[in-house]
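A short write-up of the structure that comes next.
What you see is a predicted model; the values in this text were computed from it and never measured.
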Amino acid sequence: MIKIEDYPLSRVPQDKRVSFLSVAIVHMGMLTALDQFMLGAVLGNSMSLTDAFTAILIGSVIFGVVTYGLGLAGMREGISGSLLARWCGFGRLGSVMIGVVVAVSLLGWFGIQNAIFAKSLDFALGHKLGFGWAAALSGSFLTILVAFGFKALRIAARIAVPMFILLVAYISFHVLSGHNLPEIMQLAPHGEPLSISAGITIVVGGAIVASLMTPDLTRYSKNKKHVLGVTIATIVAGEFIINGLAILIAKTLGTADVVTIMAQAAGGAGLLVVVFSTLRVNDLNLYSSSLGIVNAVEGLTGKKLKYISTTLVIGVLGTTLSVLGILDRFVDFLTVLGVVFPPIIGIMLVDYFILRSHRHILDKTRAAGKLPDDSQTPVIGWAAIIASIVGSVVGLVTEWGIPTINSLLAASLIYWLFKVAVNRNQKPVETEAA
């Protein structure tokens, strides 16, 4: 059984590796959730059917390539993504900063998921409570549950995934059975139009955090075929099945509002499953975000924050985001994720597979079943950090091409050129010294 919290600062031994199915089920769970259904609903309501599936196809290819690359490195080294970053350009402190970025993004996801919970609650109560109060109550309720580790939340999380998948299957049959594909293709988008390039970017943005977390799971994989299979299975389940069905349903019903879709197609039972799904996702979002902040502060300052107080603070912040209307900025949020994370991943892949800056150290210590010591680990990789920031800015401000590809290529190229230039300048000095 996979436990992400196991082997936090060491390699996963070969005798602890698990089957393909064990890793695949956990990895698929990242993209077979409510957030992917929300993304598909946005695409279906804002794009033509052909454009929406084109965005999914291209976005899935980008996600698949970078996910397989990181997953392969995680499998080979047997270490998590945050540890891998230490020897892939970012250094010890740089990897801590990546953890902060991930934690902040999960805080945003908490706000969005809590807003869905609140809308469902307010809808079920006939709008008597009001969205603001509903968001405050649901956010406070979930924060307290996560902070104090109530087992009931874990039980709800375990049954949420199969319930959600069954609900999507039921709604798909109920809504789509009276329509054929040519008829759906002729339906015009009802929402604010999205270009294909924007659609690709939000598809990547909706999945890219899972890509960065892939080594956390594939370090338990036995070989590269398993990693490839895990990547493909997740793309098929999350992008093409969950996203694809959401596109068709949203286009047929003429709305991207998940609460409206569930209420129209499945009534109170649908809203109940939405609530369980947000519990399942936000349990992980809040837990991982709090843990990331605690680890980051300890890594940067040496001070150890208390988990409960940190969770309460982050929960309040996430709840505030819900009340302030982060759900209305869902597309903008995904766009930011789609240009901020690809540069980080691109730099890690360039360093690990092309520059191979620390591969000899990793190979040597892997043979001994250990990790490089502090003397073999760079403190901070300024080149990687600066390149990732520049790449993100390029993706945000350029109006040509596809933003997520622009940010990925810009950061990777800048980092590669800088490291090549530095290495060339160092060689003559080393020769003279010799």
Nearest atoms (heavy-atom pairs only) where [X] meets [Y]:
| X | Y | value |
| --- | --- | --- |
| L327 | A115 | CB-CB, 3.8 Å |
| L31 | G206 | CD2-O, 4.3 Å |
| A411 | A387 | CB-O, 3.4 Å |
| T143 | T311 | CG2-O, 3.6 Å |
| T32 | A237 | CG2-CB, 3.8 Å |
| S82 | S95 | O-CB, 3.3 Å |

Do [X] and [Y] meet the criterion of a side-chain donor-acceptor pair at a distance under 3.5 Å?
| X | Y | answer |
| --- | --- | --- |
| T50 | S48 | no |
| H27 | T214 | yes |
| S211 | T67 | yes |
| W87 | S357 | no |

When you measure from the side chain of [X] to the backbone of [Y], do you find a donor-acceptor pair of N or O atoms at a distance under 3.5 Å?
| X | Y | result |
| --- | --- | --- |
| T218 | S221 | no |
| T319 | A136 | no |
| T201 | S197 | yes |
| N114 | A135 | yes |
| N423 | K419 | yes |
| S412 | L409 | no |
| T234 | T231 | no |
| D122 | G130 | yes |

Greater than 12 external heavy atoms within 6.0 Å of [X]'s [atom1]:
| X | atom1 | answer |
| --- | --- | --- |
| M97 | CE | no |
| F20 | CZ | yes |
| F418 | CZ | no |
| R359 | CZ | yes |
| F333 | CZ | yes |

Is there a side-chain contact between [X] and [Y] in this structure, where contact means two heavy atoms from C-beta onward sitting under 4.5 Å apart?
| X | Y | answer |
| --- | --- | --- |
| L321 | F110 | no |
| V420 | W416 | yes |
| L142 | T278 | no |

Output the distance between atom [atom1] ([X]) and atom [atom2] ([Y]), rounded to the nearest 0.5 Å.
| X | Y | atom1 | atom2 | value |
| --- | --- | --- | --- | --- |
| L43 | I202 | CG | CD1 | 4.5 Å |
| L93 | R86 | CG | CZ | 9.0 Å |
| H226 | M75 | NE2 | CE | 10.0 Å |
| L84 | L70 | CG | CG | 7.0 Å |
| I241 | I235 | CD1 | CD1 | 12.5 Å |
| C88 | R356 | SG | CZ | 11.5 Å |

Problem - Charged N-O contact under 4.0 Å between E77 and R219 - result: no
Problem - For D257, salt bridge (charged side-chain N to carboxylate O under 4.0 Å, His left out) partners two or more places apart - result: K119
Problem - side-chain contact (heavy atoms from CB on, under 4.5 Å) partner of M262, chosen from V273, L167, I116 - result: L167
Problem - Mutual orientation of the aromatic rings belonging to H174 and Y170 [parallel < 30°, tilted 30-60°, perpendicular > 60°] - result: parallel
